[in-house]
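Below is one structure, written out as C-alpha cells, with a few remarks after it.
Just the heavy atoms: all of them, side chains too, but no hydrogens, waters or symmetry mates, feed the values below.
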Number of protein chains: 2
Amino acid sequence: MYTDSVTYTADRLIESTRELLWERGYVGTSPKAIQQRAGVGQGSMYHHFDGKPDLALAAISRTAEEMLAAAEGQFTAPGTSVERIAAYLRRERDVLKGCPIGRLTQDPDVMADPVLRRPVEQTFTAMRGRLAEVLAEGRDRGELTDTLDPAATASTIVAVLQGGYVLARAADSTAPFDQAVDGVLGLLAAQTR
Amino acid sequence: MYTDSVTYTADRLIESTRELLWERGYVGTSPKAIQQRAGVGQGSMYHHFDGKPDLALAAISRTAEEMLAAAEGQFTAPGTSVERIAAYLRRERDVLKGCPIGRLTQDPDVMADPVLRRPVEQTFTAMRGRLAEVLAEGRDRGELTDTLDPAATASTIVAVLQGGYVLARAADSTAPFDQAVDGVLGLLAAQTR
DNA sequence: GTCTATACGGGGATAGAC
DNA sequence: GTCTATCCCCGTATAGAC
C-alpha cells in the first residue's frame, strides 16, 4: 500500500532499501538489514509498509524516476545529437556499482512480480525511446547519415551502458566500461556528416 | 576441494547447480534446492562437495569453459572478420534467460569471494581479447578501416551482448536484444572497406 | 507510531548410523 | 556413499503492549 505521503521514518526506510537493492539485489536484501541500516525498529517498518515487496516498490519507483530525470538533463542540454549522447554516456557514474535498475533484471523475485517488474520495464522502454528521439532529431537536422536506424542504434547505446557495467564489475575496473563507451562513440562518429 | 574426477552423482549435482545459478543466482540458490533438482540426498551432496561455494565453483567453471568454447567455434569459422562476429552475435541463444556468467556479476557473494570471482573475470577478459584479435585481423587484412580501435570495439561488442540480455529481460521480449545487435552491426558495417 | 515477544519455515551445515 | 537426525541462525512476518 505504498503511497507518496512519506514521513521522515518512512523516507529513511526507502533510502536504505534503495541502497541495499543496489548492493545486494532483492533476494539478497532482508527486512532486518533494511531496518538496521535505517536505524528503525521492526514495528516501525511494518507500520509504514506492508512488507518487503511494498517497500521495494517505493524504492524502485524512486530510483527509476531519478534515473530518467538525470538522463533527461543530458538530452535537453545544448549541442548536437551525438554530443548530447556522448555527454550522457560519459557523465560521472558509479560504474563499479552498476545500474540500480538494470541489476533488478537478474532478480527472479522482482521479475516474477508484475508490480515490481513494471517500473523496471518502463524505465528501459522510456530510455530507448528517448534516445531514439535524440538520434532521429540528429538525422533530421542533417547531423547524422540518413541510413542510421534510430531505434536500433538507441537500443545499442543503452545496451553498451548496461553491458559496460557488467564488464566493469567482472574486471573490478572501470576500464572496460570506458572502452565500451569509447568504442560505440567511435562507431557513431563515422555516422556524422 | 573441487576436482575434475566427477562421478555420476557429482555430475548431476553440478548440472542442477548450473541451472539454478542461471535461473536464480548464487544468493537465490540453496543447497536444498540443488539436491532436490538433482534427485540427490543431503548426505550425498556433502560427501561429494565441501558445501555451496565448492559446488558453485565447479558449476561456474564448467559454464565458463563452455561459453568460451562456443564462441571460439564462431570465431574460427570461415568468413571475413565482420561476418564471423555477426555469426557470433546472431547465433541461437536463450536470450530471455540472459548470460549465465554475466549474471554472476550482480551476485555480491560471488564477487566477494576471489575463488568464485576468478572464472567470471577470466571469461570476460578472454572474450574481449579474442574479439579484439578478430577485429585486428580484419583490419590487417584490409577488411576494416585503419582507424578502428580493436580493443575498444571488442569491449563495445561484448557490452552490447550483455546489455542486450538486460534489455530483453526488462522487456520480457527478445526484440530489444535483436535491435541492439542489429544496431551495432549496422555501425560496424560502415567500417568495412 | 514504536517496542518486544513470539512464530514458523528455510538456509547451510555437522554427526553418526547404515 | 547415502540416509536421517539434529543444530543454530536468519528471513519474514504477526500480535499485542506501551
Closest non-hydrogen atom pair, Ala59(A) against Thr17(A):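 Nearest heavy atoms, Ala59(A) then Thr17(A): CB-CG2, 3.6 Å.
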
Where Val160(B) and Ala159(A) come nearest, the two heavy atoms and their spacing: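 Where Val160(B) meets Ala159(A) most closely, the heavy atoms are O-CB, 3.7 Å.
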
dG1(D) phosphate, OP1 or OP2, under 4.0 Å from Thr9(B) side-chain N/O: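 Answer no for this pair, as no side-chain N or O of Thr9(B) is under 4.0 Å from OP1 or OP2.
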
Residue-phosphate contact under 4.0 Å: His47(A) side-chain N/O, dC3(C) OP1/OP2: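 False: His47(A) side-chain N/O out of range (4.0 Å or more) of dC3(C) OP1/OP2.
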
Residues clustered with Trp22(B), ILVMFWY side-chain links under 4.5 angstrom: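 Its cluster mates, by chain and number: none.
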
Distances under 3.5 Å between nitrogen or oxygen atoms of protein and nucleotides 7-17 of chain C:
residue : atom : partner  : partner atom : Å
dG11(C) : OP1  : Ser30(B) : OG           : 3.4
dG12(C) : OP1  : Lys52(B) : NZ           : 3.2
dG12(C) : OP2  : Lys52(B) : NZ           : 3.4
dA13(C) : OP2  : Tyr46(B) : OH           : 3.3
dA13(C) : OP2  : Lys52(B) : N            : 3.2
dA13(C) : N7   : Gln42(B) : NE2          : 3.0
dA13(C) : N6   : Gln42(B) : NE2          : 2.7

Lys NZ or Arg CZ of Arg90(B) over Phe177(B) ring: under 6.0 Å, within 45°: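 No, cation not above the ring by the 6.0 Å, 45° rule.
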
Atom-pair distance (CZ on Arg12(A); P on dG1(C)), nearest Å: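 Taking atom P of dG1(C) as the reference, CZ of Arg12(A) is at 16 Å.
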
Whole-Å gap separating P (dG1(D)) and CD (Gln35(B)):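 Spelled out: CD on Gln35(B) to P on dG1(D) is 18 Å.
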
Side chain to side chain contact (heavy atoms under 4.5 Å, CB included) involving Glu137(B) - partner list, sequence neighbours excluded: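 Per chain and number, Glu137(B) pairs via side chain to side chain contact (heavy atoms under 4.5 Å, CB included) with Arg84(B), Arg141(B).
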
Under 3.5 Å side-chain donor-acceptor pair for Tyr165(A) and Arg103(A):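 The answer is no; no qualifying pair exists.
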
